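Please read these numbers as outputs of a predicted model, since none were measured by experiment. Residue numbers begin at 1 in each chain, while the letters A, B, ... track the order of the sequences.
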There are 2 protein chains.
Amino acid sequence: MIKVTLIGTGNVSWHLENIFSKTVGVQLLEVLSSRGAAISNYLKARQNFAKNDQPDLYIIAVSDDAIRSVSRQLKNSEKLIVHTSGSVSMDILPDENRRGIFYPLQTFSKEREIDFQSVPICIEAQEVNDERLLKELAATITKSIYEVTSAQRKSLHLAAVFVNNFTNHIYQIGNELCNQNEVPFAILKPLISETVRKIESLPPFEAQTGPARRNDRKTIEAQLAQLENKNHKEIYKAITESILKTYEEEL
Amino acid sequence: MIKVTLIGTGNVSWHLENIFSKTVGVQLLEVLSSRGAAISNYLKARQNFAKNDQPDLYIIAVSDDAIRSVSRQLKNSEKLIVHTSGSVSMDILPDENRRGIFYPLQTFSKEREIDFQSVPICIEAQEVNDERLLKELAATITKSIYEVTSAQRKSLHLAAVFVNNFTNHIYQIGNELCNQNEVPFAILKPLISETVRKIESLPPFEAQTGPARRNDRKTIEAQLAQLENKNHKEIYKAITESILKTYEEEL
C-alpha cells in the first residue's frame, strides 16, 4: 500500500484525488491546500501520527510558480517529494529531500472525466528506490509509464503546447470561419476526427496534404486574401511557410 | 436508380467509385480518365447507347486547375454537370449546361478506407430538380447532407485547410520535437485524442488552455527560446499572439 499526501486544489490535483481515492494499492492520506497554514498544521499534527499514517511521498500539484515555495514548507520532512509539472525542473525541489517527478501528460479540466488507463505518466527520480516507488504508484492507475529526464520532459511539454493548445486554437479559428459564413461547425468534425485517426497509420510527415504541400501558390494567395482577421493571416503564413520549407527538397 | 458517369483518377474519384459501385440506388456507368481522348470517345459512343444507358449526371473529380477544361468537353451534353472541389465556384462549369456541386468534406487518401456514412456532403445546384437529384444521390452514401452556397463552400474549404492541413503539420512539429529528444511520439497520442474529444462537449473557445491563454509571459519566452527551428518559432509566435488577442478582454 503506497501512502500519498497530495498538495494542491487545481485540475491535476482534483483528478489525482479522484483516481487515487478509488484505486486499490494507494492510500490517499490527505489532500492539502497549498494556501494558508494547511501544510504547516499538517506537518505539526503528523508528528503525533502512528508510523502507519505517515505518507511515503508528497505529490505537489500546484501552479508552476508556486512549486518552489510550497516544496520549501516540506523541507527536511524526510520523505520523497515530487511535483507534477511538465516544464519545471526536478532541481526546484529542496535538495535536502529525496526528489522526483510524477507528470501525467494530459489536458485536465474538472468538466471532463479522464480515462487514466491511457494517460502517459512521466516519472523521474534521483534514487533507484524512489524511481521504483513512483513506477509502482503510476502502475496502479495507468498502463503507460515513461522514464524521462527533466530535459526530455521540458520538450514534451513544449510539444504538448503545440498538439493541444495550438491545435485547439486552430479549431477555434475553424469555428469562427464557420460562424462568419453561417455554416455549422459540426460539419468540420468528421474531418477533424479523421485527421487524428490518420496519424495512427501514417506518420504526420506522410499524411500531409493541402495547398502548401503541393506548393500551390495560386490557392495560397487566394486563401490569404480571403482571411479577414490579421492574426489568422499571420498563422496561415507561418504554417504555410513551414510546410513549404519541410517539403521543399521533394518539390 | 441514379446513373452516374465519373471523371477523374485522383483520390476523390477513387473513393467515390469505390462507394458508388457498392451502393444500392446508384448505377456507376463509367469512370473516365480526364486525359487524352477518353471523354470525347465516350461522348461519341454514347450517341448509340440506349436511353437507359445515359447518365443522369457527370461528376467531375479532377484537380481544381483542370475543372474548366474538362467540363468544356462535356458542353452541350444536356446533362447535369457537377464538380467535387471545395474552393472552385460553380460558375466555372459551362453555362450551357445545368450545373451543380457535390463536395465531400473529408481528407481522402488511397491508403485509408473512409466511412462515408459520416462524411458531410455539400451540395449546390441552380435548378430545384437538380438539387433534389443531388440530395437523393448524397443520401445513398451519407447521413450528413448540407446545402451550401459557393461562398460558404469556399470558407469551409479554408476552414478545412486550418483544421486538417495545419493541424497535421502541428502534429509533425510535435513528432520532430519528440525525435530530437529521443522520446516516442506515441506518448503524445492520448493528448491529441483528448484534444479532439474535448470539443465534442466544449466549444474550442472554452476548451482553450496553456501559457498564452493564461498570459503567462515567462513560460512563453522560455518556450520560444527552447525552439531551434526558425519556422517553428514563427508558428509559436503567430498562434500565441492570436490566442492572447482572442482572450485579451478577459484577462
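Note on Gly174(A), Ser109(A), Pro120(A): by heavy-atom pairs under 4.5 Å with chain B, the leading option is Pro120(A). In terms of non-hydrogen atom pairs under 4.5 Å with chain B, the most contact-rich of Gly210(A), Pro190(A), Ser193(A) is Pro190(A). Chain A forms the most heavy-atom pairs under 4.5 Å with one residue out of Glu111(B), Glu182(B), Arg197(B), and that residue is Arg197(B). Most heavy-atom pairs under 4.5 Å with chain A: of the set Leu158(B), Ile114(B), Asn229(B), Ile192(B), this distinction falls to Leu158(B). In terms of non-hydrogen atom pairs under 4.5 Å with chain A, the most contact-rich of Leu188(B), Asp64(B), Val119(B) is Leu188(B). Top candidate by heavy-atom pairs under 4.5 Å with chain B, chosen from Glu176(A), Lys154(A), Lys233(A), is Lys154(A). Chain A forms more heavy-atom pairs under 4.5 Å with one residue of Glu241(B), His157(B), Lys245(B), Gln226(B) than with any other, namely Gln226(B). Counting heavy-atom pairs closer than 4.5 Å to chain B, the top residue among Leu105(A), Ile239(A), Thr240(A) is Ile239(A). Chosen from Asn175(A), Leu202(A), Ile173(A), the residue pairing most often with chain B at heavy-atom distances under 4.5 Å is Ile173(A). When each of Asp115(A), Asp216(A), Leu227(A) is checked for heavy-atom pairs under 4.5 Å with chain B, Leu227(A) comes out on top.
In this structure, chain B has no heavy atom under 4.5 Å from any part of Lys237(A). Heavy atoms of Asp65(A) lying under 4.5 Å from chain B belong exclusively to its side chain. Heavy atoms closer than 4.5 Å to chain A are found in both the backbone and the side chain of Pro211(B). Neither the backbone nor the side chain of Ser87(B) comes within less than 4.5 Å of any heavy atom in chain A. Heavy atoms of Gln180(B) lying under 4.5 Å from chain A are absent altogether. Looking at Val161(B), only its side chain comes within 4.5 Å of chain A, counting heavy atoms on both sides. Lys218(B) touches chain A through its side chain: at least one heavy atom from C-beta onward sits under 4.5 Å away, while N, CA, C and O do not.
The two residues His232(A) and Phe162(B) make their nearest non-hydrogen contact at O-CZ, 3.9 Å.
Remark: His15(A) engages Phe108(A) in a ring-ring contact (aromatic ring centres under 6.0 Å, His included) (not counting sequence neighbours).
Screening Asn181(A), Val183(A), Leu177(A), Leu191(A) for a side-chain contact (heavy atoms from CB on, under 4.5 Å) involving Leu156(B) leaves a single residue, Val183(A). For the side-chain hydrogen bond (donor to acceptor under 3.5 Å, both in side chains) criterion with Asn168(A), the lone passing option out of Gln208(B), Lys198(B), Glu206(B) is Gln208(B).
Contact check for Pro204(B) versus His169(A): no side-chain heavy atoms found under the 4.5 Å cut-off. Contact of the Glu194(B) side chain with the Asn164(A) side chain is not registered, since no non-hydrogen atoms from C-beta on lie closer than 4.5 Å. Put simply, the side chain of Ile187(B) reaches to within 4.5 Å of the side chain of Cys122(A), judged on heavy atoms. Side-chain contact between Glu234(B) and Glu234(A): absent, with no pair of heavy atoms (C-beta onward) separated by less than 4.5 Å. Between Arg112(A) and Ser201(B), some side-chain heavy-atom pair lies under the 4.5 Å cut-off. Residues Lys189(A) and Glu200(B) are in side-chain contact: their nearest non-hydrogen atoms beyond the backbone lie under 4.5 Å apart.
Taking the six-membered ring where the residue is Trp, the centroids of Tyr236(A) and Phe166(B) are separated by under 6.0 Å.
Rounding to the nearest 0.5 Å places OG1 of Thr167(A) at 5.0 Å from OH of Tyr171(B).
Inspection of the Asn165(A) and Thr209(B) side chains reveals an N or O donor paired with an N or O acceptor under 3.5 Å. Between the side chains of Ser242(B) and Asn231(A), no donor-acceptor pair of N or O atoms lies under 3.5 Å.
Surrounding CZ of Arg72(B) are more than 12 heavy atoms belonging to other residues, nucleotides or ligands, all under 6.0 Å away.
At a heavy-atom separation below 4.5 angstrom, chain A is approached by Tyr146(B), Val148(B), Gln152(B) within residues 144-152 of chain B.
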